[in-house]
Engineer: 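Have a look at this one before I ask anything.
These numbers come from a predicted model, not from an experiment.
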Amino acid sequence: MSKLSIYILEDEELYANQLEMLVDELDYTLAGISDNSDTAKTEIEQKKPDILLMDVKVNGSMNGIDLAASLEHPAPVIFITSFEDQATFDRAKSTKPYAYITKPFDAENLQRTIELAVGNLEKDTEWQEDVVFETSLFIKNRHRLEKIEIANIIYLEVEDRYSTVYTRNGKKYVLRMSMGDVQEKLPPGDFMRIHRKYTVNLNHVTSIDTQDNMIMLGEVELPISRSHKEELLQKLDWLQ
């Protein structure tokens with residue numbers, strides 16, 4: 001599992017230091033920091049951070065707004081700027097940022113803004129190439145968002161209105177979401193519901209007991225309901 005990664009573009013040293021400290025305090029990963037839009041563009045395209053914190057007036061051939069508009073597959077952009085005039089706001093708005101925060105800022109406000117940005121992008125994004133949510137889910141753990149690689153999810157279990165995600169490293173995460181809501185965020189080719197309580201990652205299936213209707217995912221053994229058994233075998237193209 002990896003933490004949410006954030007890239008900072010800020011040319012004022014005081015605010016750059018504050019943002020860097022804030023990212024560290026919130027226990028996120030700093031993907032990079034720069035005061036130059038040209039450097040930032042190169043590093044953003046290479047590192048593909050999850051969130052961009054960007055000032056408007058920066059060094060380089062582009063300002064922050066132009067940089068945001070130039071990115072081919074942009075992450076959520078949060079503008080943090082001293083400009084409060086309507087013209088700057090309107091230009092920034094045209095890039096469809098997830099927030100526009102004026103300086104000075106505070107930690108709690110920025111953290112909530114970051115969480116909203118991730119939540120909104122996850123809700124609006126379809127499973128397409130080169131989109132970070134194609135391979136990851138963000139789960140809120142206390143006061144921070146944690147990124148879980150979908151490939152590391154072994155199975156999910158539902159109990160009432162809660163779903164529990166079990167991962168390859170032995171950790172589990174409880175979500176206040178129905179199984180159906182969680183499955184909508186997972187690639188359908190890799191995950192399948194095998195029981196009213198369980199959805200499994202087909203990539204982790206090691207064997208199936210067709211007589212006792214049980215499925216093994218490494219050391220984990222789960223029941224298969226009769227209504228899902230035939231579909232499961234067909235989907236796995238099981239040899240008989």
Engineer: Measuring from atom CG of L30 to atom CD1 of I6, what distance do you get when rounded to the nearest 0.5 angstrom?
Structural biologist: 8.0 Å
Engineer: To the nearest 0.5 Å, tell me how far K197 NZ sits from E157 CD.
Structural biologist: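 That separation rounds to 4.5 Å.
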Engineer: Is D55 reaching over with its side chain to a backbone N or O of V58, donor-acceptor style, under 3.5 angstrom?
Structural biologist: no
Engineer: Between L9 and I44, is any pair of side-chain heavy atoms under 4.5 Å apart?
Structural biologist: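 A side-chain contact under 4.5 Å is absent here.
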Engineer: Go through H195 and L222 one step at a time and tell me if the side-chain contact (heavy atoms from CB on, under 4.5 Å) criterion holds.
Structural biologist: CA-CA 9 Å; H195 187 276; L222 301 174; over 6 Å; no
Engineer: Is the shortest side-chain heavy-atom distance between Y198 and S225 below 4.5 Å?
Structural biologist: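 The answer is no, as the side chains (C-beta and beyond) never meet within the 4.5 Å cut-off.
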Engineer: Could you state whether L236 and L217 fall into the same hydrophobic cluster, counting links through intermediate Ile, Leu, Val, Met, Phe, Trp or Tyr residues with side-chain heavy atoms under 4.5 angstrom apart?
Structural biologist: yes
Engineer: Out of curiosity, I8 CD1 to I51 CD1, how far, rounded to the nearest 0.5 Å?
Structural biologist: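 Reported to 0.5 Å precision, the distance equals 12.0 Å.
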Engineer: Counting only pairs under 3.5 Å, give me each side-chain donor-acceptor contact of residues 14-23, with atom names and distances, residues two or more places apart or in other chains.
Structural biologist:
from	atom 1	to	atom 2	distance (Å)
N17	ND2	E13	O	3.3

Engineer: State which residues pass salt bridge (charged side-chain N to carboxylate O under 4.0 Å, His left out) with K96; sequence neighbours excluded, sorted by chain then number.
Structural biologist: none
Engineer: Is any side-chain heavy atom of S37 less than 4.5 Å from a side-chain heavy atom of D66?
Structural biologist: no
Engineer: Specify the closest pair of heavy atoms between M62 and L67, including all atoms of both residues, with the distance to one decimal.
Structural biologist: CE-CD1, 3.9 Å
Engineer: Would you check, one step at a time, whether the test side-chain contact (heavy atoms from CB on, under 4.5 Å) holds for V205 with L232?
Structural biologist: CA-CA 11 Å; V205 175; L232 173 64; 5.6 Å; no
Engineer: Between K229 and I224, what is the shortest heavy-atom contact and its length?
Structural biologist: CA-CG2, 3.9 Å
Engineer: Are R226 and N213 close enough that some pair of their side-chain heavy atoms sits under 4.5 Å apart?
Structural biologist: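 They are in contact (side-chain heavy atoms under 4.5 Å apart), so the answer is yes.
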Engineer: Side chains of H204 and V200: does their closest heavy-atom pair fall under 4.5 Å?
Structural biologist: no
Engineer: Rounded to the nearest 0.5 Å, how far apart are CZ of R196 and NE2 of H228?
Structural biologist: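 Between atom CZ of R196 and atom NE2 of H228 there are 11.5 Å.
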Engineer: Provide the closest heavy-atom pair for S5 versus A31 in the form atom of the first, atom of the second, distance.
Structural biologist: CB-CB, 4.2 Å
Engineer: Does a side-chain heavy-atom distance below 4.5 Å link I154 with N201?
Structural biologist: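 Counting from C-beta outward, I154 and N201 never come under 4.5 Å.
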Engineer: With a cut-off of 6.0 Å (strictly less than), are more than 12 heavy atoms of other residues, nucleotides or ligands near NZ of K47?
Structural biologist: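 It does: K47 NZ has more than 12 such atoms within range.
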Engineer: With side-chain contact (heavy atoms from CB on, under 4.5 Å) as the test, would you mind laying out the steps for L156 and L186 before giving the verdict?
Structural biologist: CA-CA 11 Å; L156 301 92; L186 299 173; 3.9 Å; yes
Engineer: Kindly compute the distance separating OG1 (T113) from CD1 (I101), expressed to the nearest 0.5 Å.
Structural biologist: 3.5 Å
Engineer: Does the pair E12 and K103 meet the rule for a salt bridge (Lys or Arg N to Asp or Glu O under 4.0 Å), with working shown?
Structural biologist: CA-CA 11 Å; E12 293 185 66; K103 301 171 183 176; 3.2 Å; yes
Engineer: What pair of heavy atoms forms the shortest contact from T206 to G218, and how long is it?
Structural biologist: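 Minimum heavy-atom separation between T206 and G218: OG1-N, 3.2 Å.
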Engineer: Quick check: closest heavy atoms across P49 and A75, and the distance to 0.1 Å?
Structural biologist: O-CB, 3.3 Å
Engineer: side-chain contact (heavy atoms from CB on, under 4.5 Å) between K57 and F83: does it pass, once the steps are laid out?
Structural biologist: CA-CA 9 Å; K57 184 180 179 182; F83 289 96; 3.6 Å; yes
Engineer: For S163, what residues pass the side chain to side chain donor-acceptor pair (under 3.5 Å) criterion, not counting sequence neighbours?
Structural biologist: none
Engineer: Taking the side chain from D38 and the backbone from S61, do they hold a donor-acceptor pair closer than 3.5 Å?
Structural biologist: yes
Engineer: With the side chain counted from C-beta on, respond yes when L53 and L110 share a heavy-atom pair under 4.5 Å apart, and no when they do not.
Structural biologist: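 L53 reaches L110 side chain to side chain.
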Engineer: Is V220 linked to I194 within one hydrophobic cluster, defined over Ile, Leu, Val, Met, Phe, Trp and Tyr using a side-chain heavy-atom separation of less than 4.5 Å?
Structural biologist: yes
Engineer: About how many Å separate OH of Y7 and NZ of K48, when rounded to the nearest 0.5 Å?
Structural biologist: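 These two atoms lie 14.0 Å from each other.
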Engineer: Given side chains that start at C-beta, do those of N169 and N152 come closer than 4.5 Å, heavy atoms only?
Structural biologist: no
Engineer: Taking all heavy atoms of I65 and all of T88, pick out the closest pair and write down the distance.
Structural biologist: CD1-O, 3.9 Å
